[in-house]
Amino acid sequence: MDEVNSIIQSGDEVRESCGIFGIFAPGEDIARLTYFALFALQHRGQESAGIATSDGQKLQVFAKMGLVSQVFTEDDLAKLSGFIAIGHNRYSTTGASQICNVQPLMIGSGEDALAIAYNGNITNSTALHKELQEKGYSFNTTSDSEIIANLILSSTEKEFTAKIRYAMRRLQGAYSLVLLTKEALWGVRDSLGMRPFCVGNLNGHGWVLASETCALDNIGASFLREVAPGEIIRIDKNGLCEYPEPSDKHALCIFEYIYFARPDSIISNRLIYDAREAMGARLAEEHPVVADLVVGVPDSATPAAVGYSHASGIPLGMGLIKNRYMGRTFIEPEQRLRDLGVKLKFNPMRPLLEGKRVVLVDDSIVRGTTTPQVIKLLRGAGAKEVHMRICAPPICHPCFMGVDMATRRELIAAQKTLPEIRETIGADSLGYLSLEGLIKAIGLPKDQFCLACFTGHYPLPVQLEMGKFSMEYTEEPSSSTADNLAG
């Protein structure tokens, strides 16, 4: 990672794992459509991108490190012929950020050949990897995707749907995935529905699968519905076939609403923008303050800042301008520039801020490293007071389901009281949205979500294999357990 990128990525951002897309559309330019869909899903992963296609006879794949716009050229897309494609944007949570782990991955040969693109985290991957190795399966990557694909191929079932179902029953964790065989496209979602996944129609004769509805919008496809938790979908020349396996327990990651998903996406019939605006309004009700200006930390907190402003009557201002390209620069700064930190990412609007009492709205505080720098920026630009308001409850527990959220020891809310956090970040006041307020803002039943990062109650037993530590728990860890997990 280059020096500037390390400055940007070492902050408080909560990072998700990947974006996936699949399309079955004879007669369409499937590689180009997949490219545009991946462009819409770029926020879900910026480390690598790839597309695999099938023309009914052979599978081919092109994948490299970098952003979608950096990976593909016109010549690359022209070579990816066929009528089925899958695509992937990667942010690594399991497996290093290196070329061998870019997706889609090609696994198997002959009639067993398949390509896979996956979003999530398999918590029992080490045990499955060992089991498959003992059966003679070899591995060329360090990602969960190769384990899933080989697990499918290892099944003794005859029919491919049954092979997938066998693998699903062996896998523990969160996943949505697309599979490509020579003649069919497959979509799979874990039984808890922890990762978002939807299906759409293209021009009446094509079908698409995507992590978010914004990818459908980008290529002119119409949204049909979400892939149900535990469901397998097969799309081939005969159309779309559904293989549901209803689950009475759901656990969608609530951070899709807080941060991950694009504001123009719809999840569980709720527009993400509306949910975030409602979070801001609830914040204003729970944590009112006398102030002159509401400022959202761009871009994810902008809708919440709008909501806070509307509910409180305090004017909204664009007090921070985001440098949208800083995170991907390849310029190595001199040592003396390393201290610039967040200044490389945000620039304050002094004429708007000078002499003002500011309400600063952000989506979350994770480690508490970036927030103090942002507040310092506002004060340096003349803000008289800075009142911090956070759209998520305090994050006290790590995530083991594919979200890069730091260890327990690194989480500021797990180590400090509210007054201590306020003092650490340098705010005049601090207010977190309550869990009840968050649920009400989203407008869906509480039992539909995974809330483990707030409560410590995980939706399934988590097999932790971190160095010498190996344990399972479903309840809130004790302090000694937290110390062990932090390693």
Side-chain angles (χ1 to χ4, degrees), residues 18-41 48-64 68-69 71-90 99 102-118 140-141 145-146 148-150 152-153 158-161 163-164 176-188 199-211 215-216 218-221 227 232-241 243:
C18 303
I20 60 173
F21 179 79
I23 181 169
F24 185 101
E28 299 283 352
D29 187 348
I30 56 166
R32 189 173 301 277
L33 289 172
T34 303
Y35 171 89
F36 289 138
L38 292 180
F39 205 87
L41 296 171
S48 64
I51 297 174
T53 62
S54 172
D55 60 3
Q57 301 298 318
K58 66 179 185 303
L59 307 184
Q60 52 188 342
V61 64
F62 185 88
K64 287 171 58 178
V68 175
S69 60
V71 168
F72 300 100
T73 66
E74 288 287 341
D75 288 343
D76 298 328
L77 294 176
K79 293 174 183 175
L80 291 167
S81 59
F83 57 93
I84 323 173
I86 61 174
H88 189 265
N89 290 330
R90 186 168 195 262
I99 189 64
V102 300
Q103 296 182 44
L105 292 178
M106 298 276 285
I107 307 293
S109 60
E111 294 304 311
D112 286 336
L114 63 88
I116 182 172
Y118 145 87
N140 299 310
T141 77
S145 307
E146 192 173 16
I148 296 171
N150 280 322
I152 292 170
L153 294 177
K158 302 290 186 184
E159 204 269 322
F160 196 68
T161 307
K163 288 178 177 290
I164 296 173
S176 290
L177 59 93
V178 284
L179 296 163
L180 175 69
T181 57
K182 289 181 181 179
E183 297 182 346
L185 168 67
W186 307 78
V188 183
V199 59
N201 184 264
L202 179 68
N203 300 329
H205 68 274
W207 303 93
V208 293
L209 297 164
S211 292
L216 277 56
N218 223 39
I219 63 170
V227 178
I232 300 171
I233 286 181
R234 187 190 75 214
I235 302 169
D236 58 20
K237 64 182 180 181
N238 297 314
L240 184 147
C241 293
Y243 302 90

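Start at 1 with the first residue, then count along the sequence. As a basis for the values below, the full set of heavy atoms in this structure was taken, side chains included, without hydrogen atoms, waters or symmetry mates.
- Across all their heavy atoms, Cys18 and Ser211 have their closest contact at O-OG, 4.3 Å.
- Once rounded to the nearest 0.5 Å, the distance linking CD of Gln103 with CD1 of Ile86 reads 8.5 Å.
- No more than 12 heavy-atom neighbours from other residues, nucleotides or ligands sit within 6.0 angstrom of CZ on Phe39.
- Side-chain contact check for Thr34 versus Thr53: every heavy-atom pair is 4.5 Å or farther apart.
- Under a 3.5 Å cut-off, the side chain of Asn150 and the backbone N or O of Leu153 do not form any donor-acceptor pair.
- When every heavy atom of Ala215 is checked against every heavy atom of Ala40, the shortest pair comes out as CA-CB, 3.9 Å.
- The heavy-atom pair separating Val61 from Met106 by the smallest distance is CG1-CG, 3.5 Å.
- Rounding to the nearest 0.5 Å gives a distance of 10.0 Å between CD1 of Ile23 and CG of Leu209.
- With rounding to the nearest 0.5 Å, the separation of CG in Asn201 from CH2 in Trp207 is 5.0 Å.
- How far CZ of Phe160 is from CG of Leu114: 5.0 Å, rounded to the nearest 0.5 Å.
- Asn203 places no side-chain N or O within donor-acceptor distance of the main-chain N or O of His205, the cut-off being under 3.5 Å.
- Here Ile51 contributes atom CD1 and Lys64 contributes atom NZ; the two are 12.5 Å apart, rounded to the nearest 0.5 Å.
- With hydrogens and angles ignored, the 3.5 Å screen pairs a side-chain donor or acceptor of His88 with a backbone N or O of Tyr118.
- Nearest heavy atoms, Ala117 versus Gly87: CB-O, 3.8 Å.
- To the nearest 0.5 Å, the span separating CD1 on Ile107 from OG on Ser145 amounts to 8.5 Å.
- Checked options Ile152, Ile148, Leu185; the residue passing with Leu179 is Ile152 (criterion: side-chain contact (heavy atoms from CB on, under 4.5 Å)).
- Residue Ser54 is tested with Ile30, Thr181, Leu80, Leu59 for a side-chain contact (heavy atoms from CB on, under 4.5 Å); the sole match is Leu59.
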Task: Check against side-chain contact (heavy atoms from CB on, under 4.5 Å), Trp186 and Ile232 - done: CA-CA 7 Å; Trp186 307 78; Ile232 300 171; 4.2 Å; yes

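- Asn89 places a side-chain N or O within 3.5 Å of a backbone atom of Leu41 that can act as its donor or acceptor partner.
- With sequence neighbours left out, the side-chain contact (heavy atoms from CB on, under 4.5 Å) criterion links Ser109 to no other residue.
- Contact detail for Ala63 and Val102: the closest heavy-atom pair is CB-CG2, 3.7 Å.
- Listed by chain and residue number, nothing satisfies the salt bridge (charged side-chain N to carboxylate O under 4.0 Å, His left out) test with Lys79 (two or more places apart in sequence, or in another chain).
- No more than 12 heavy atoms of other residues, nucleotides or ligands shown are found within 6.0 angstrom of CD on Gln57.
- Listed by first and then second residue, the salt bridge (charged side-chain N to carboxylate O under 4.0 Å, His left out) pairs that reach into residues 22-36 are Asp29-Arg32, Arg32-Glu74, sequence neighbours excluded.
- Taking the six-membered ring for Trp and thresholds of 30 and 60 degrees, Phe72 and Tyr35 have ring planes more than 60 degrees apart, a perpendicular arrangement.
- Of all heavy-atom pairs between Ala31 and Leu77, the closest is CB-O, 3.6 Å.
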- [ ] Begin with the C-alpha distance, continue with both residues' side-chain angles, and end with the deciding distance and a verdict on side-chain contact (heavy atoms from CB on, under 4.5 Å) for Val71 and Phe62.
- [x] CA-CA 9 Å; Val71 168; Phe62 185 88; 3.9 Å; yes

